[in-house]
K.L.:
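One structure, pasted below without further comment.
Just so we're clear, the structure is a prediction, and the values are computed from it rather than from any experiment. Letters A, B, ... are given to chains in the order of the sequence lines, protein chains preceding strands, and every chain is numbered from 1.
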There are 2 protein chains.
Amino acid sequence: MEKQEQLRLENQICFPIYSVSRLITKAYKPYLDKLGLTYTQYLVLLVLWEENNLSVNKIGSKLLLNTNTLSPLIKRMEKNDLLTRSRSIDDERTVLVNLTEKGEALKDQASSIPQNLLNTLTNDEVELSDIILLKKTLDSWINILSRNSETSSVDENNE
Amino acid sequence: MEKQEQLRLENQICFPIYSVSRLITKAYKPYLDKLGLTYTQYLVLLVLWEENNLSVNKIGSKLLLNTNTLSPLIKRMEKNDLLTRSRSIDDERTVLVNLTEKGEALKDQASSIPQNLLNTLTNDEVELSDIILLKKTLDSWINILSRNSETSSVDENNE
DNA sequence: CACGATTATATCGTGCACGATACAAATATA
DNA sequence: TATATTTGTATCGTGCACGATATAATCGTG
């Protein structure tokens with residue numbers, strides 16, 4: 001392909017990823033509005049529903065987000081009574097995040113969301129097998145790209 | 001899959017899309033910093049390099065962005081002498097966007113960026129054929145998801 | 001034990017995204 | 001031709017993202 005040809009929007013791989021990411025967030029919105037959550041807050045809850053009592057850093061390493069994003073976000077969630085923040089006794093620098101009853105209870109209400117989204121995304125054109133393949137490529141890219149940016153690597157997930 | 005199982009971060013398709021989108025934007029940053037552009041500004045230029053003298057709306061329909069995002073963004077680009085804004089004579093409501101010489105000239109400097117990114121994203125694990133397949137799925141999703149949200153549809157691209 | 005380096009979190013500034021809303025120009029229709 | 005509706009753009013408020021920077025706690029090493 002000629003150099004200038006690669007600048008055509010149509011030939012970009014990055015643009016569809018960017019667009020789909022935004023469109024998916026928008027597709028989540030009606031479901032998350034009912035729970036009073038934003039998309040990023042929902043991601044934090046996904047992490048905490050799997051494992052409670054995590055540090056801000058740990059949540060960030062799982063979501064590939066830094067503390068300059070997470071700190072205010074988690075504070076907003078604390079304000080909304082979804083979780084509590086408390087300094088660790090072992091290490092005064094560490095802030096441990098714990099779900100409240102309200103935060104824990106949202107898990108049930110959220111449990112139908114993934115299937116609803118999946119139903120939206122699978123139709124005659126896109127089958128589940130496509131999505132599995134897609135996820136494989138994306139996961140490889142996360143590895144490649146998060147290795148390049150030294151901050152918040154994806155490999156720090158071993159306890 | 002059990003309902004609660006679908007809430008596992010690992011089983012989400014939305015999360016890797018969201019992460020890769022952010023990581024790709026970050027991967028662009030060193031290249032775009034040299035040109036004094038943000039990622040979204042680069043997208044606007046991609047559109048204008050293909051076709052100049054477009055309205056704000058038209059740019060938005062190509063990028064799936066609304067005017068509440070584009071208006072201030074385009075004004076910042078005008079401030080940076082990348083483009084000009086002028087009301088259409090035919091329709092006083094319409095703002096026509098035109099590249100300046102500086103904006104036009106950036107095309108040459110940007111022409112190597114797509115290949116650089118592609119080199120980052122293809123390796124032993126991810127081949128070009130994977131990316132072509134990926135793009136097909138994503139394009140289907142853009143159609144599905146932008147049809148659902150009535151604002152700025154993707155089908156309005158016919159002149 | 002001292003002290004420089006590292007680590008965990010937080011703050012600040014900037015630029016998106018986007019829902020809600022405003023407003024003027026253009027269009028449709030009674 | 002009035003006026004109701006639609007259309008194109010802009011503004012406002014909120015919540016991310018993220019680079020740069022600050023600060024306090026902890027660790028490493030002499």
K.L.:
Can you measure A:Asp90 atom CG to D:dC27 atom C1' for me and round it to whole angstrom units?
P.N.:
15 Å
K.L.:
Which residues pass the side chain to side chain donor-acceptor pair (under 3.5 Å) test with A:Asn53, sequence neighbours left out?
P.N.:
A:Asn98
K.L.:
Could you pull out all residues at least two apart from A:Asn80 that satisfy side chain to side chain donor-acceptor pair (under 3.5 Å)?
P.N.:
none
K.L.:
In whole angstroms, how far is the P atom of D:dA17 from the CG atom of A:Leu64?
P.N.:
12 Å
K.L.:
I need the CD1-C1' distance between A:Ile24 and D:dC16, as an integer number of Å.
P.N.:
18 Å
K.L.:
Tell me the interatomic distance from B:Lys26, atom NZ, to D:dC16, atom C1', rounded to whole angstroms.
P.N.:
14 Å
K.L.:
Quick one: B:Ile89 CD1 to C:dA26 C1', roughly how many Å, whole number?
P.N.:
17 Å
K.L.:
Return the value, rounded to whole Å, for the distance between atom CG of A:Asn66 and atom P of C:dA10.
P.N.:
13 Å
K.L.:
Name the pairs: protein N/O against N/O of nucleotides 2-4 of chain C, kept only if under 3.5 Å.
P.N.:
none

K.L.:
Residues in side chain to side chain donor-acceptor pair (under 3.5 Å) with B:Asp124, at least two apart?
P.N.:
none
K.L.:
Which residues pass the side chain to side chain contact (heavy atoms under 4.5 Å, CB included) test with B:Asn68, sequence neighbours left out?
P.N.:
B:Asn66
K.L.:
Heavy-atom count around B:Lys135 NZ within 6.0 Å, excluding the residue itself: above 12?
P.N.:
yes
K.L.:
Detail all sub-3.5 Å separations between protein N/O atoms and N/O atoms belonging to nucleotides 21-23 of chain D.
P.N.:
none

K.L.:
With A:Leu118, which residues qualify under side chain to side chain contact (heavy atoms under 4.5 Å, CB included), at least two apart?
P.N.:
A:Gln115, A:Leu128, A:Ile131
K.L.:
My understanding is that only residues two or more places apart in sequence, or in another chain, count here; which of them pass side chain to side chain contact (heavy atoms under 4.5 Å, CB included) with B:Ser86?
P.N.:
B:Leu96
K.L.:
In whole angstrom, give the distance that lies between atom CG of A:Leu43 and atom C1' of D:dA17.
P.N.:
13 Å
K.L.:
Treat each ILVMFWY residue as a node, draw an edge where side-chain heavy atoms are under 4.5 Å apart, and state whether A:Ile13 and A:Leu138 are in one component.
P.N.:
yes
K.L.:
Taking ring-ring contact (aromatic ring centres under 6.0 Å, His included) as the test, write out the residues that go with A:Phe15, two or more places apart.
P.N.:
none
K.L.:
Can you sort out the partners of B:Arg87 under side chain to side chain donor-acceptor pair (under 3.5 Å), two or more places apart, ordered by chain and number?
P.N.:
none
K.L.:
Using a 4.0 Å heavy-atom cut-off to protein, can you give one letter per nucleotide of nucleotides 7-15 of chain D, 5' to 3': B if the base is in contact, S if only the sugar-phosphate is, - if neither?
P.N.:
BSBBBB--S
K.L.:
When you measure from the side-chain N and O atoms of B:Tyr18 to the phosphate of D:dA17, is any distance below 4.0 Å, counting only OP1 and OP2?
P.N.:
yes
K.L.:
B:Tyr42: what forms a ring-ring contact (aromatic ring centres under 6.0 Å, His included) with it, not counting sequence neighbours?
P.N.:
B:Tyr28
K.L.:
To the nearest Å, how far apart are A:Leu54 CG and C:dA8 P?
P.N.:
14 Å
